[in-house]
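Comments concern the structure below.
Because only heavy atoms are used, hydrogens play no part in the values below, and waters and symmetry mates are left out as well, while side chains stay in. Counting convention: from 1, in listed order, for ligands and their atoms alike.
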Amino acid sequence: MVADNADVNSNQKNEQLDVLLSTQKVVKKALEKLGYPNEVYELLKEPVRMMTVRIPVRMDDDSIKIFTGYRAQHNDAVGPTKGGVRFHPAVSEKEVKALSIWMSLKAGIVDLPYGGGKGGIVCDPRDMSFRELEGVSRGYVRAISQIVGPTKDIPAPDVFTNSQIMAWMMDEYSRIDEFNNPGFITGKPLVLGGSHGRESATAKGVTICIEEAAKKKGIQIEGAKVVVQGFGNAGSFLAKFMHDKGATVVGISDAHGGLHDPDGLDIDYLLDRRDSFGTVTNLFKNTISNQELLELDCDILVPAAIENQITEENAAKIKASIVVEAANGPTTMEATRILSEKGILLVPDVLASAGGVTVSYFEWVQNNQGYYWTEEEVEEKLHKVIIKGFENVYRTAEMRRVDMRLAAYMVGVRKMAEASRFRGWI
Ligand code: NAD
């Protein structure tokens, strides 16, 4: 009997950590709240297309290693699908599917003419040479080339991928396509048709959401205590932006652990010392764990690393008044409920991290028109888009008396559902 209870508990916990299952549950709830029939959920609960590929790469020791990759296209009723490619040992089919649904929701919230896509390769770039990474990147593009393209599905960077990897992928696609095709992928270096402001776009979007959430909570950014989990692309720019706005960044972390100083960390120094994978804490002796970091005394907490960091185990111990999710899926649904009951204002991932895909969209528009905008123009446009998305979600949460995550899903799913209906799919 005891063993049975233990099994039930552990099954429940596993379900809560299953990002696809928990995303599907919220999508279902959002569609029900909006009054859509069940067949709409049946269409949207999984990607319309999912490709698994095997990528042979000759390694530096002359052996051949076979990598597994995925590309998920969630829903292309609104327009081509769009979303990053992740290089990580923990990449799985389920995770890529969930990430593609989140991309659809983001595109809906910030009103882009896209559906969601996502890709991933099971590999650890930290253990690979430049040449091996190039081989995996080019092999992936060859394997998925038939289902991607500037009017079909447009990849971008994500965890452990960067502008160099985007450049190799763009070059490979252009060779296959036999003409220069910058609009195939976003997050490229500027000289290859990248957009000003793309690298810091996610953090810019998160910063705008923090400012809006702080206004709602009556918190001044200047002097506010901020904790950021993850010091990669999203986390490091965010820490810098918060620091520059006069906030006190009291904690940061990476995969190895966290740093804490109640008087504020020297962010410029840490930025200077971090490596290209967002690692810096390995240079210090007095580190804390990532779990300790999340529970630090602060006003604003920004998870900017990986999934399932705030769970029912630690949600009650979170001391921040505002949690803004820069990472995808850092908070489980059970934890969302606990944070909401504690009166913490949670700005969900599908809204908070939409700055990246927004500037990716700007990059694609610039590639298509062959005319490029200044950094100021990009920033101004991004600001308008995120503010509008935030207000839409906040108003929906208030009017429909639901938490910000459900409100964001309601806003995000509507355009996709409507487009699918107009096309006669449902
Ligand atoms: P990144 O690879 O540049 O950085 C990831 C950071 O997380 C690194 O500091 C790494 O050390 C840390 N990390 C990895 N595993 C960890 C662990 N187990 N515990 C604590 N820290 C860990 O990635 P990124 O681009 O900054 O993305 C971070 C998150 O933001 C991801 O969830 C990603 O999907 C999301 N996101 C990124 C973008 C973007 O444009 N970069 C856009 C939208 C969402």
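- Closest to atom 18 (N) of ligand 1, if we only count protein heavy atoms, is Ile306 CD1, 3.2 Å.
- Set against the non-hydrogen atoms of Lys106, the atoms of ligand 1 under 4.0 Å away are 43 (C), 44 (C).
- Using a cutoff of 4.0 Å between basic side-chain nitrogens and carboxylate oxygens, Glu211 and Lys215 are not scored as salt-bridged.
- For the residue pair Arg86 / Thr161, no side-chain donor-acceptor distance below 3.5 Å is found, with atom types taken as modelled.
- Contact annotation: for Ser236 versus ligand 1, there are no heavy atoms closer than 4.0 Å.
- The nearest protein atom to atom 11 (O) of ligand 1, hydrogens excluded, is given as Ala255 N, 2.9 Å; this is a heavy-atom distance.
- Asp403 and Ser340 share no side-chain donor-acceptor pair at under 3.5 Å.
- Between Val159 and ligand 1, no pair of N/O atoms sits closer than 3.5 Å.
- For a threshold of 3.5 Å applied to N or O pairs, the pair formed by Ala305 and ligand 1 contains at least one separation below that value.
- Taking distance alone, with nitrogen or oxygen atoms compared against 3.5 Å, Asn233 approaches ligand 1 more closely than that limit.
- In this structure, of Pro303, Ser253, Ser276, Gly232, the residue bringing a heavy atom nearest to atom 1 (P) of ligand 1 is Gly232.
- Results of the salt bridge (Lys or Arg N to Asp or Glu O under 4.0 Å) test with Glu363 over Lys381, Lys188, Lys82 single out Lys188 as the only residue that passes.
- A side-chain donor from one of Asn290 and Gln229 sits under 3.5 Å from a side-chain acceptor of the other.
- Looking at ligand 1, you won't find any N or O of Pro157 less than 3.5 Å from one of its N or O atoms.
- Annotation: atom 38 (C) of ligand 1 to nearest protein heavy atom, Thr202 OG1, 3.4 Å.
- Relative orientation of the Trp364 and Tyr361 rings is tilted, given thresholds of 30° and 60° on the angle between their planes.
- The distance criterion of under 3.5 Å between nitrogen or oxygen atoms is met by Arg86 with respect to ligand 1.
- In this comparison of Leu294, Asp275, Asn290, the heavy atom closest to atom 20 (C) of ligand 1 sits on Asn290.
- Here the shortest heavy-atom pairing between Cys123 and Phe87 reads SG-CB, 3.7 Å.
- Near Ala327, meaning under 4.0 Å from any of its heavy atoms, are these atoms of ligand 1: 29 (C), 30 (O), 32 (O), 35 (C).
- The nearest non-hydrogen atom to atom 35 (C) of ligand 1, considering only Ser353, Ala326, Ala234, Gly355, comes from Ala326.
- In the vicinity of Phe160, heavy-atom distances shorter than 4.0 Å reach the ligand 1 atoms 2 (O).
- Between Asp153 and Arg49 there is no salt bridge, since no side-chain nitrogen of the basic residue lies less than 4.0 Å from a carboxylate oxygen of the acidic one.
- Between Glu134 and Arg138, at least one side-chain N (NZ, or NE/NH1/NH2) sits under 4.0 Å from a carboxylate O, which counts as a salt bridge.
- Ring planes of Tyr269 and Phe284: perpendicular class, angle over 60° (limits at 30 and 60°).
- The distance criterion of under 3.5 Å between nitrogen or oxygen atoms is met by Gly278 with respect to ligand 1.
- At the top of the distance list for atom 8 (C) of ligand 1, counting protein heavy atoms only, stands Phe277 O, 3.5 Å.
- Short contacts between ligand 1 and Asp158, defined as distances under 4.0 Å to a heavy atom of the residue, involve ligand atoms 33 (C), 34 (O).
- Counted by atom type alone, Asn367 and Tyr372 present one or more donor-acceptor pairs between their side chains at under 3.5 Å.
- Polar contact with ligand 1: present for Phe231 (N/O pair, distance under 3.5 Å).
- At a heavy-atom distance under 4.0 Å, only side-chain atoms of Arg198, from C-beta outward, approach ligand 1.
- Residue contacts with ligand 1: Asn328 is placed with a nitrogen or oxygen under 3.5 Å of a nitrogen or oxygen of the ligand (distance criterion only).
- Inclusion of Gln229 in the set of residues having an N or O under 3.5 Å from an N or O of ligand 1 is not warranted.
- Both tests pass for Lys204 against the ring of Phe241: distance under 6.0 Å to the centre and angle within 45° of the axis.
- Between the side chains of Glu95 and Ser92, no donor-acceptor pair of N or O atoms lies under 3.5 Å.
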